[in-house]
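Here the structure is a predicted model, which is why all the values come from computation and not from measurement.
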Amino acid sequence: MGTRRIYGILFDGAWLWEEYVNSLIDDMFYHPMNKAGQGAQRLFAGNVGLIYPDFISRNSENRIIADAKYKPIDNIGNRDYLQVLAYMFRFDAQESYYLYPEAGPSEDRKLWLNKGSTYEKDVAPRRNICVVKHGLKIPYEADDYDSFVKEMKANEQVFKMALQPAIH
């Protein structure tokens with residue numbers, strides 16, 4: 001067989017992030033899995049428009065959509081917004097979350113959907129439809145592995161607790 005050199009490992013970081021987030025919030029959200037073909041949803045009647053939102057809250061009275069994004073907060077933008085708004089509309093959700101890894105000091109960023117038109121000069125934020133960018137803080141200055149694990153577990157609890165008022 002001989003010796004072979006390995007120069008790197010390729011893995012799907014976005015998928016791994018989504019599954020990690022699921023391990024934290026699976027008691028609050030359903031998690032359709034497109035790679036496994038499980039939990040498929042449809043946008044339209046007649047079995048049209050296959051979609052797989054990352055997370056759909058288990059609370060059907062106050063439905064929330066969450067989308068895992070393995071990218072920095074400022075890189076979550078236009079296409080991401082359109083996708084989550086379509087999911088919100090489909091599931092009658094008034095709130096959604098982007099769940100992303102946060103390396104720096106950052107607070108949740110709330111985005112209120114606009115109403116009105118620039119043509120009529122009456123654009124104003126709605127107070128009933130909100131998209132929240134919610135980061136899980138990743139310790140970047142831990143002294144050692146044990147410190148990292150301890151900080152990470154505390155950050156996971158803070159991350160999860162921030163979602164609970166919205167869910168219940």
Side-chain angles (χ1 to χ4, degrees), residues 12-22 24-35 38-140 155-168:
D12 186 344
W15 175 83
L16 193 58
W17 171 253
E18 182 179 322
E19 294 307 310
Y20 168 61
V21 168
N22 184 50
L24 299 176
I25 65 171
D26 67 341
D27 59 327
M28 297 184 289
F29 288 88
Y30 299 112
H31 178 49
M33 294 182 276
N34 60 348
K35 288 190 183 229
Q38 298 173 350
Q41 305 293 313
R42 298 292 178 161
L43 273 174
F44 305 104
N47 217 20
V48 175
L50 180 67
I51 58 171
Y52 288 94
D54 290 348
F55 302 100
I56 305 166
S57 69
R58 294 178 184 269
N59 181 345
S60 61
E61 299 295 316
N62 182 27
R63 188 71 77 194
I64 292 174
I65 301 300
D67 196 37
K69 291 294 181 196
Y70 188 66
K71 54 185 172 180
I73 188 172
D74 292 330
N75 287 1
I76 300 170
N78 296 333
R79 285 187 175 177
D80 301 317
Y81 297 150
L82 296 175
Q83 179 186 36
V84 83
L85 286 170
Y87 294 161
M88 290 172 73
F89 192 63
R90 162 60 176 83
F91 293 98
D92 294 321
Q94 293 184 318
E95 192 169 17
S96 69
Y97 285 83
Y98 287 112
L99 308 173
Y100 69 97
E102 176 59 63
S106 179
E107 298 299 319
D108 283 359
R109 188 176 302 168
K110 290 188 173 191
L111 306 171
W112 296 95
L113 184 66
N114 276 337
K115 62 181 176 178
S117 167
T118 55
Y119 295 108
E120 284 91 31
K121 297 179 176 51
D122 63 349
V123 175
R126 298 171 188 255
R127 288 293 163 201
N128 63 340
I129 300 177
C130 184
V131 173
V132 181
K133 293 182 179 181
H134 178 60
L136 170 58
K137 295 192 186 319
I138 310 298
Y140 60 94
N155 291 351
E156 288 171 347
Q157 289 305 311
V158 170
F159 176 79
K160 187 173 176 174
M161 286 177 61
L163 296 173
Q164 288 179 343
I167 298 301
H168 301 329

- Item | Distance, nearest 0.5 Å, that separates OH of Y70 from CH2 of W15 | 13.5 Å

- Go through the side-chain N and O atoms of Y30 and Q41 and say whether any donor and acceptor fall under 3.5 Å apart. no

- Item | Pairs touching residues 108-118 that satisfy salt bridge (charged side-chain N to carboxylate O under 4.0 Å, His left out), sequence neighbours left out | D74-R109

- Item | CD (E120) with more than 12 external heavy atoms under 6.0 Å | yes

- Message: Which heavy atom of D54 sits nearest to which heavy atom of E18, and what is that distance?
- Response: OD1-OE1, 3.3 Å

- Item | Close side-chain approach of N155 and I138, heavy atoms under 4.5 Å | no

- Query: So how far is it from F29 CZ to Y97 OH, rounded to the nearest 0.5 Å?
  - Reply: 8.0 Å

- Message: Does this structure show an ion pair linking D27 with K160, if we count only N-O contacts that are shorter than 4.0 Å?
- Response: yes

- Residue set satisfying ring-ring contact (aromatic ring centres under 6.0 Å, His included) with Y98, at least two apart, ordered chain then number -> none

- Message: Can you tell me which residue among V21, I25, N22, D26 is in a side chain to side chain contact (heavy atoms under 4.5 Å, CB included) with H31?
- Response: N22

- Item | Qualifying residues under ring-ring contact (aromatic ring centres under 6.0 Å, His included), relative to F89, sequence neighbours excluded | none

- Task: Please name the pair of heavy atoms, one in Q83 and one in K69, separated by the smallest distance, quoted to 0.1 Å.
- Result: OE1-NZ, 3.6 Å

- Query: Cut-off 3.5 Å, side chains only: do E102 and H134 have a donor facing an acceptor?
  - Reply: no

- Considering all heavy atoms, the nearest L85-V131 contact: CD2-CG2, 4.4 Å

- Message: For I129, run the side chain to side chain contact (heavy atoms under 4.5 Å, CB included) check against L111, L113, N114 and tell me which one passes.
- Response: L113

